[in-house]
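What follows is a set of notes on a single structure, which appears directly below.
These numbers come from a predicted model, not from an experiment.
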Amino acid sequence: MRTAPTILHLDMDAFFAAAEQAAKPSLRGKPVVVGGLGPRGVVATASYEARRFGVHSAMPMGQARRLAPNAAYLVPRFAFYRSISEQVMRLLGLLSPLVEPLSLDEAFVDLEAGGVADDTASARAVGERLRADILATTGLTGSVGLAGSKMLAKIASEQAKPDGLALIPPGTERELLGPKSVRILPGVGPATGEHLRRAGMTTVSDLAEAGEDELVRLLGRAHGASLYRMAQGHDDRPVVAERDAKSVSVEDTFAVDLHDRVRIRGEVERLAERCVERLRASGHSGRTIVLKVRRFDFSTLTRSETLRGPTDALGVVREAAGRLLDSVDTTGGVRLLGVGVSGLADYTQEDLFAQAELVGERHAEGVAPVAPEVAVAEPAGPVEAAERYWAPGHDVRHAVHGAGWVQGSGLGRVTVRFEEPGSAPGRVRTFAVDDPELETGEALPLVREPVPVPVPSEAAGLPGSGAAPSAAAGRGGAPGLAAGPDSRPHHR
């Protein structure tokens, strides 16, 4: 345990929903729910306004709609959220080389390693400045926890929500933790919590009083000993800057069970493409292809195939996933499919043997060889253009009305609200789904870059200048901004 609260935990407030409210002025102050909108969808994030109705993350979307029927229900825009996350993580990187991201909206920072804080006062000042910088950069709020350990820093940030800062002074850990539920400790989920409750332990002080031997007897050596230390307020886990990914995977749950074998294979191929995109984006390749199938009765089957070498070739992953599907009985229907790649390597070494087999099989079947990355198909006849799908919440642009977002669609029509971050709530218009003037758009930044203010030259007296530069301008900027190329305003 540290003697100064130099471990910081940042948790962005209702991140996905808050980002949507900031991007859509008409939704500010209103309940917003982001997640899968199908019958089997779940809530990813609910705004604080929606939480007042009892909506929370991981709740079935159908239940959320019953609790908050008038909320705005939006499909996630992960590329948009990721771009905001990158801005936040860059700000954290300015504080320390030791930043441990836990998700898009959450991270630990070791302030001591960055040399920016070594006592309570300096840690608090860094935390307040970080919150202000995040607001100025992204337009969103985050809650900050500061403590001498990761466990307590995370507890502090939870106490600070929303849009606050909480600091736990070293030496007060046991007093703080004692009356709290055992569920507040890392590693205590519903099952462990219920097991401890049956043993008469519901608070952290109950665990401390029970003693290490009793917890080991109940939970086993590793878990029991670790839980006893945490109940004492001890947590020596370091902030780890890099976490090695073990696998990359994608999966989809379908609103209606799939029975058509051709449709199922098509979905597997589509998932393989998305998986390879993520694999390449992470800079990895992998040896083992994994297929996950959840059937109509909720039984889940997993099949895997290990290649001769690591690959990130779409053709190889797609063919392997197809072979794995052939070994699975889908009679009765499929409700979920997933494709993953594990056994990751930090470099790409295409599986030439597998590709050679693929080409050889096509030769044997009398099919002209096709490069694994390219699919060639000739239409058998006229092909009707598929009706465009407009996902609620996604960005669009109209040739006349400009940027907006989809409020809803159906019966061949799509309703769009035209507004931008920073604008007043916009007007709503309805179009045909195939309107040629309407197209998908790009997410607009929540905070526009400030327009640079020209600084008068030190060469005073230029013709037409009218006046000599002020002292402030001569120092390199407008009043209130620190001078120097590496400085930036501090918002407190």
Side-chain angles (χ1 to χ4, degrees), residues 16 34-45 57-62 75-79 81-82 102-104 189 243-307 310-345 348 351 354 358 372-373 375 389 391:
F16 295 174
V34 179
L37 302 189
R40 293 171 178 169
V42 297
V43 175
T45 307
S57 60
M59 171 182 285
M61 191 61 75
V75 174
R77 297 187 293 161
F78 288 111
Y81 310 144
R82 194 174 296 111
L102 303 179
S103 62
L104 289 177
R243 286 185 175 274
D244 294 332
K246 296 181 179 180
S247 64
V248 173
S249 63
V250 295
E251 62 182 43
D252 272 347
T253 300
F254 306 104
V256 179
D257 291 346
L258 303 185
H259 294 84
D260 184 357
R261 188 75 178 186
V262 174
R263 169 76 188 282
I264 294 172
R265 180 172 291 276
E267 292 294 338
V268 168
E269 291 180 353
R270 184 177 60 83
L271 289 167
E273 292 174 6
R274 287 170 50 195
C275 182
V276 168
E277 287 177 3
R278 290 192 182 183
L279 187 68
R280 290 175 175 173
S282 69
H284 290 93
S285 60
R287 291 175 55 89
T288 302
I289 314 302
V290 181
L291 176 72
K292 178 180 177 182
V293 179
R294 180 166 295 152
R295 299 191 289 192
F296 69 99
D297 58 357
F298 286 88
S299 61
T300 302
L301 304 177
T302 303
R303 299 288 185 268
S304 63
E305 176 181 319
T306 300
L307 307 174
T311 184
D312 69 351
L314 173 57
V316 174
V317 175
R318 188 166 49 199
E319 290 290 328
R323 288 194 296 272
L324 294 171
L325 178 63
D326 291 338
S327 67
V328 176
D329 179 13
T330 58
T331 304
V334 170
R335 61 181 289 117
L336 176 146
L337 290 169
V339 174
V341 178
S342 61
L344 302 186
T348 300
D351 188 349
L358 174 63
E373 295 288 354
Y389 172 66

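A donor-acceptor pair is defined here as one N or O able to donate and one able to accept, closer than 3.5 Å; no such pair exists between the side chain of His259 and the backbone of Thr331. Between the side chain of Arg280 and the main chain of Asp312, a donor-acceptor pair closer than 3.5 Å is present. Of the possible donor and acceptor atoms, one in the side chain of Arg287 sits under 3.5 Å from a partner among the backbone N and O of Leu307.
Val328 has its side chain within reach of Arg303: a pair of non-hydrogen atoms, C-beta onward, lies under 4.5 Å apart. For the pair Leu344/Leu279, a side-chain contact is recorded, criterion being any heavy-atom separation below 4.5 Å from C-beta on. At a threshold of 4.5 Å between non-hydrogen side-chain atoms, the residues Asp252 and Arg274 count as touching. Residues Tyr81 and Thr45 are not in side-chain contact: their nearest non-hydrogen atoms beyond the backbone lie 4.5 Å or more apart. No side-chain heavy atom of Glu251 sits less than 4.5 Å from a side-chain heavy atom of Leu337.
Atoms CZ and CG, on Arg335 and Asp297 in that order, are 10.0 Å from each other to the nearest 0.5 Å. To the nearest 0.5 Å, the span separating OG1 on Thr300 from CZ on Arg294 amounts to 3.5 Å. To the nearest 0.5 Å, atom CD of residue Glu267 and atom CG of residue Asp260 are 10.5 Å apart. Note that CG of Leu324 and CD of Glu319 are 11.5 Å apart. Values are rounded to the nearest 0.5 Å. Of the inter-residue distances, the one linking Leu336 atom CG with Arg295 atom CZ reads 13.0 Å to the nearest 0.5 angstrom.
Remark: the Thr311 side chain and the Ser285 side chain contain no N/O donor-acceptor pair separated by less than 3.5 Å.
Contact check on Arg265 versus Glu269 returns no salt bridge, with no Lys/Arg side-chain nitrogen under 4.0 Å from an Asp/Glu carboxylate oxygen.
Listed by chain and number, the residues in a side chain to side chain donor-acceptor pair (under 3.5 Å) with Thr330 are Arg261 (sequence neighbours excluded).
Ring orientation note: the planes of Phe78 and Phe16 are nearly perpendicular, at an angle over 60° on the 30°/60° scale.
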